[in-house]
Amino acid sequence: MTAGYAPVSVRDLLTETVLAAAVVVAGRQGLDRPVRDLSWYSGELATTANGHLMVCAAAAVTPSYRLEALVRRAESAGVAALLIASEEQPPLLSTLRLADRLGIPVLSVVGADLVDLLHRLTIRVRAPEVQRARLIEDVVRRLSTKTTAEDILAALGLALSQSVWLLSSDGSAIHGEPISLPSTLRLDLTVPQHSDPSADGQILIHPVTEPGSTQAAAWLASHTAASNEHERIATASALAVAEPYVRAWLISQRVAAERDSVFHGRLLADLIAGQGVVSQDVVERALSAGWRLQDWHVGIHLVRTARVPDPLRDDPVTSMRKLRNALAAQKLIGPVVDRGDGWTVWISSATEPPSSDGRRVLRSVRLMLAQLPAHWEVVAGVGRVHHGPGGLASTLLEARDAATLARTHEYRPAAEHIDELGVARLLAAWQDSEILRAFAETALAPLKGVDGGQLLRTLQAYLEAGGSVSTTSIVLGLHRNTVTARLHRLRERLGVDLDDPNQRLALQLACRSIETEHG
């Protein structure tokens, strides 16, 4: 018997793989009846059948009136449920109605080996620890040759017949579709946890820690369809067994990332220091890194300006993954080099891009910045298009200069193009003028105290996004329709045409003047 465990219910048993083909034909209101044991029904109902799941061969309930009589006797004997082999002739309608009225679940299976089914269910009900041991053995066997997170999760999901995720320390999905964790699960507590039982099952999470650390570097998560204690314990045990495999993969990834970061950082420094003179050694190292020095290049320099970084949420591997995902989403594909306080990125192409490509890259960079975690407070600079190894060094230096100017803005995220450097510096000087501040007070007065500053914030984001509603909605985390509605209100309150470049420039200067004053 299930000593030490709460008895499993009929509903829970139906979530087991062994009953995947079973169909409830009647008595659904009795699915929560506890199952304490199983019996084979051969025509006689034992007096000890209370709480039993009766497995019935077709011959024992044929003709149909026998099943109806069995339903009546099962209710009197306290039977948990009846499992019958499906027949060509379905049960009588009167039998189904009787089972519904008495709340006796009648389960039907087609073409099943009832003896094997009885054997497997008996182990499940009488000795769940045996089934759990078999599960762990299966998990260990499946994971023994797996070295990547993707393979580990796939093998674990097959063994558990459940969805399995690998989450970062802040709960975002590293592998698997995004999942919303219940608020009761505390990612700041490095212990295995599970959500409250519900009709949808339970979510379990297990921390993945690195040697010498008491913080979770990542989390394994799974969703069980059932919510019984046995299922939860079995799944939790399987996650615990898989954790060392994930930890080993995580450490290998981190070591590889650090090795690559050092190699790429030194190579980039040598390339920039050469100022167009590239040694054979640099060429060979660039070739091994997959860098195409002879192409046309556009450099991007990214700087994290957050004063208080979060080392738990922002470890190098996780940060690099988030950055690469954001770059890929905007089709900014190219080498990425970790510079400690940010990253250097460049886009290479075999043919010369059009002169407008710099603007296109700047728009893509602005959209990309909006996808990064807000607490990073990233600014970006974009260089011009240049050719060859020397051109790569030039565009990266330009991008760094543009990022330096973007860093002076109060607004985040901020991005500048090297071509705007002169204009931007002129505007920065204007921001401090008394004339501009007086204009700002007058022009933006209709927005003071309105909606808690939301309209002013929307105006600032819209202007800094180059008049893009899409970028504004991403930066503010709002729907496009909400941004459009706010822009309509801004036009009415300010009495300006936001499509007019001159009026947009004047308002942008006014907004920056206010930032400077309050900054």
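Below, all heavy atoms of this structure are taken into account, side chains as well, without hydrogens, waters or symmetry copies.
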Problem - Heavy atoms of other groups near Arg400 CZ, more than 12 under 6.0 Å - result: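 Counting neighbours around CZ of Arg400, 12 or fewer heavy atoms of other residues, nucleotides or ligands fall under 6.0 Å, so no.
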Problem - Heavy-atom neighbours of Arg491 CZ exceed 12 at 6.0 Å - result: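 Result for CZ/Arg491: enclosed.
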Would you check if there is a donor-acceptor pair between the side chains of [Y] and [X] at a distance under 3.5 Å?
X: Arg247; Y: Thr209; value: no
X: His223; Y: Gln162; value: no
X: Arg486; Y: Gln454; value: yes
X: Arg292; Y: Ser348; value: no

Might you point out which heavy atoms bring [X] and [Y] nearest each other, and give the distance in Å?
X: Gly388; Y: His297; answer: O-CD2, 3.4 Å
X: Phe263; Y: Arg285; answer: CZ-O, 3.8 Å
X: Leu156; Y: Ala242; answer: CD2-CB, 3.8 Å
X: Leu369; Y: Ala414; answer: CD1-O, 3.7 Å

Practice task
Check whether any side-chain heavy atom of Val378 sits under 4.5 Å from a side-chain heavy atom of Val303, and report yes or no.
Solution key: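 Counting from C-beta outward, Val378 and Val303 never come under 4.5 Å.
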Exercise for the section: Please examine the side chains of Met320 and Asp338, heavy atoms only from C-beta on, and report whether any two atoms are closer than 4.5 Å. Expected result: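 Yes, close enough: below the 4.5 Å cut-off.
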Exercise for the section: Rounded to the nearest 0.5 Å, what's the gap from CZ on Arg304 to CD on Glu377? Could you check? Expected result: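 It is 10.0 Å, given to the nearest 0.5 Å.
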Exercise for the section: With rounding to the nearest 0.5 Å, note down the distance linking CD in Gln460 to CG in Leu507. Expected result: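 Those atoms lie 11.0 Å apart.
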Handout entry: Aromatic contact, Trp343 with His301 (centres under 6.0 Å)
Key =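 No, they do not, as the ring centres are separated by 6.0 Å or more.
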Practice task
Could you tell me whether Trp165 and Trp219 have their ring centroids closer than 6.0 angstrom?
Solution key: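 They do not qualify: ring centres at least 6.0 Å apart.
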Exercise for the section: Take His206 and Glu243 through the test side-chain hydrogen bond (donor to acceptor under 3.5 Å, both in side chains) and record every step on the way to the result. Expected result: CA-CA 8 Å; His206 189 98; Glu243 190 265 346; 4.9 Å; no
Exercise for the section: Please assess Arg142 against Asp151 for the test salt bridge (charged side-chain N to carboxylate O under 4.0 Å, His left out), listing each intermediate value before the final yes or no. Expected result: CA-CA 10 Å; Arg142 289 176 183 270; Asp151 289 344; over 6 Å; no
Problem - Aromatic plane relationship, His387 with Trp296 - under 30° parallel, 30 to 60° tilted, over 60° perpendicular - result: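 It falls in the tilted class, 30° to 60°.
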Practice task
Using the salt bridge (charged side-chain N to carboxylate O under 4.0 Å, His left out) rule, take Arg504 and Asp497 through it: C-alpha gap first, then chi angles, then the decisive distance, then the call.
Solution key: CA-CA 8 Å; Arg504 281 211 309 267; Asp497 180 6; over 6 Å; no
Handout entry: Positive for side-chain contact (heavy atoms from CB on, under 4.5 Å) with Leu459, one of Thr472, Leu487, Leu447
Key =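 Testing each of Thr472, Leu487, Leu447 against Leu459, the sole residue satisfying side-chain contact (heavy atoms from CB on, under 4.5 Å) is Leu447.
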Practice task
Among Leu494, Asp500, Asp499, find the one that has a side-chain contact (heavy atoms from CB on, under 4.5 Å) with Val496.
Solution key: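 Looking at Leu494, Asp500, Asp499, the match for Val496 under the side-chain contact (heavy atoms from CB on, under 4.5 Å) is Leu494.
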Practice task
In sequence, state the C-alpha distance, the side-chain angles, and the governing distance for Arg480 and Ser470, and then conclude on side-chain hydrogen bond (donor to acceptor under 3.5 Å, both in side chains).
Solution key: CA-CA 6 Å; Arg480 283 177 56 94; Ser470 300; 2.5 Å; yes
Practice task
Let me see the working for Arg134 and Asp138 under salt bridge (charged side-chain N to carboxylate O under 4.0 Å, His left out), right down to the final yes or no.
Solution key: CA-CA 6 Å; Arg134 290 179 175 176; Asp138 186 36; over 6 Å; no
